[in-house]
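To start, the structure itself, in C-alpha cells.
Numbers for residues simply follow the sequence, beginning at 1.
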Amino acid sequence: MDGVRMGFGAFGAVFGLVALLLVLAGLWIVISAVRDLLRARRLASSGIRTEGRVISSHVHYSGTREDRSSRVVETIEFTTDRGQTVRANPVVSDAGTVDRSGMSVTVLHDRDRPERFIAPQNGHAISARVPVMRIGFGLLFLVVIGIIVNGGRMILGQLPFF
C-alpha cells in the first residue's frame with residue numbers, strides 16, 4: 001500500500017508543480033495585458049504628439065503550426081521636440097495586420113524616454129480591445145486551472161503547494 005501511496009505522492013507533486021506553472025503563466029498574461037493597457041493610456045493622455053513615418057514592418061508569427069497567430073511589428077522613425085531622431089518599435093500597437101509601411105503616422109511619446117511611444121491607428125489612443133481580450137483570456141485560463149486543481153485535490157487528496 002505504501003508503494004501505491006508513494007506513486008500518488010509523486011504524481012501529486014508533479015500535478016501541483018504543473019498547476020503552479022500554469023497559474024504563473026495565467027498571471028503573466030493578465031499582468032502584461034494590464035501593463036500594456038495602462039502604458040498606452042498614459043502615453044495617449046500625456047505623451048508628446050509628433051509625426052513619424054513607418055519605415056518598415058514585418059509579420060511576427062507566434063504559436064504552433066495548428067494554432068498560429070500573427071501581428072505586424074512596425075519600425076517607426078520620428079523626431080522629438082528636442083531634435084532627437086528615434087527609430088524604434090512602439091511599446092504597444094493596435095496595428096493588427098495592417099501594413100502601414102511608408103505611411104505618415106501620429107506618434108505619442110514619453111518626453112524623457114522617447115523610445116517609449118505609441119502610434120495609434122486613429123491618431124489619438126490605442127484601442128483597448130486587444131489588451132481587454134488578453135485580460136479576459138488570462139482570467140478565464142486561471143478559472144479553468146482552478147477548476148482542474150480543485151478536481152485534482154478531490155481525487156488525490158491534499159496537494160502540495162496549495
Side-chain angles (χ1 to χ4, degrees), residues 3-47 52 54 56-76 86 88-101 105-110 112-162:
V4 171
R5 184 177 298 210
M6 200 161 100
F8 275 126
F11 178 76
V14 170
F15 182 83
L17 182 61
V18 169
L20 179 64
L21 291 174
L22 290 173
V23 166
L24 291 174
L27 289 173
W28 178 81
I29 291 169
V30 171
I31 291 169
S32 67
V34 168
R35 182 200 65 213
D36 287 350
L37 186 62
L38 294 175
R39 183 180 288 168
R41 286 188 188 266
R42 184 182 60 78
L43 286 169
S45 67
S46 64
V54 180
S56 71
S57 63
H58 68 278
V59 178
H60 175 78
Y61 296 101
S62 59
T64 63
R65 269 188 173 164
E66 295 80 26
D67 186 26
R68 181 175 272 193
S69 65
S70 62
R71 63 183 172 87
V72 171
V73 177
E74 299 175 321
T75 301
I76 298 174
V86 176
N89 307 103
V91 292
V92 181
S93 178
D94 65 350
T97 57
V98 176
D99 185 0
R100 302 189 297 178
S101 295
V105 295
T106 299
V107 172
L108 301 159
H109 68 85
D110 185 315
D112 298 324
R113 298 188 66 189
E115 69 278 0
R116 289 187 179 179
F117 70 92
I118 58 174
Q121 278 191 329
N122 67 10
H124 302 290
I126 294 287
S127 169
R129 185 178 61 86
V130 172
V132 168
M133 287 175 49
R134 284 176 44 210
I135 291 167
F137 172 78
L139 292 174
L140 180 64
F141 184 80
L142 289 171
V143 167
V144 169
I145 296 304
I147 291 169
I148 291 170
V149 167
N150 191 42
R153 289 179 76 174
M154 290 185 338
I155 293 170
L156 298 173
Q158 194 69 14
L159 291 177
F161 308 118
F162 296 98

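When every heavy atom of I135 is checked against every heavy atom of A33, the shortest pair comes out as CG1-CB, 3.5 Å. T106 approaches G123 most closely through the heavy-atom pair CG2-O, 3.5 Å. In this structure, G138 and I29 approach most closely via the heavy-atom pair CA-CG2, 3.9 Å. Across P120 and L108, no two heavy atoms sit closer than the pair CG-CD1, 4.0 Å. The two residues I76 and A119 have their closest heavy-atom pair at CD1-CB, 3.4 Å. Heavy-atom minimum distance, F141 versus L22: CE2-O, 3.2 Å.
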Please output the side-chain donor-acceptor pairs of residues 125-134 that fall under 3.5 Å, not counting sequence neighbours, one pair per line with the distance.
unit_1	atom_1	unit_2	atom_2	d
S127	OG	R129	N	3.3
R134	NH1	D36	OD2	3.0
R134	NH2	S32	OG	2.8

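In terms of the side chain to side chain donor-acceptor pair (under 3.5 Å) criterion, R35 has no residue partners (sequence neighbours excluded). Among residues two or more places apart in sequence or in another chain, the side chain to side chain donor-acceptor pair (under 3.5 Å) test is passed with Q121 by none.
The side-chain heavy atoms of V91 and D110, taken from C-beta on, include no pair separated by under 4.5 Å. Taking 4.5 Å as the limit, some side-chain heavy atom of V23 sits within range of a side-chain heavy atom of L27. Here the side chains of R100 and V105 are in contact, with some heavy-atom distance below 4.5 Å.
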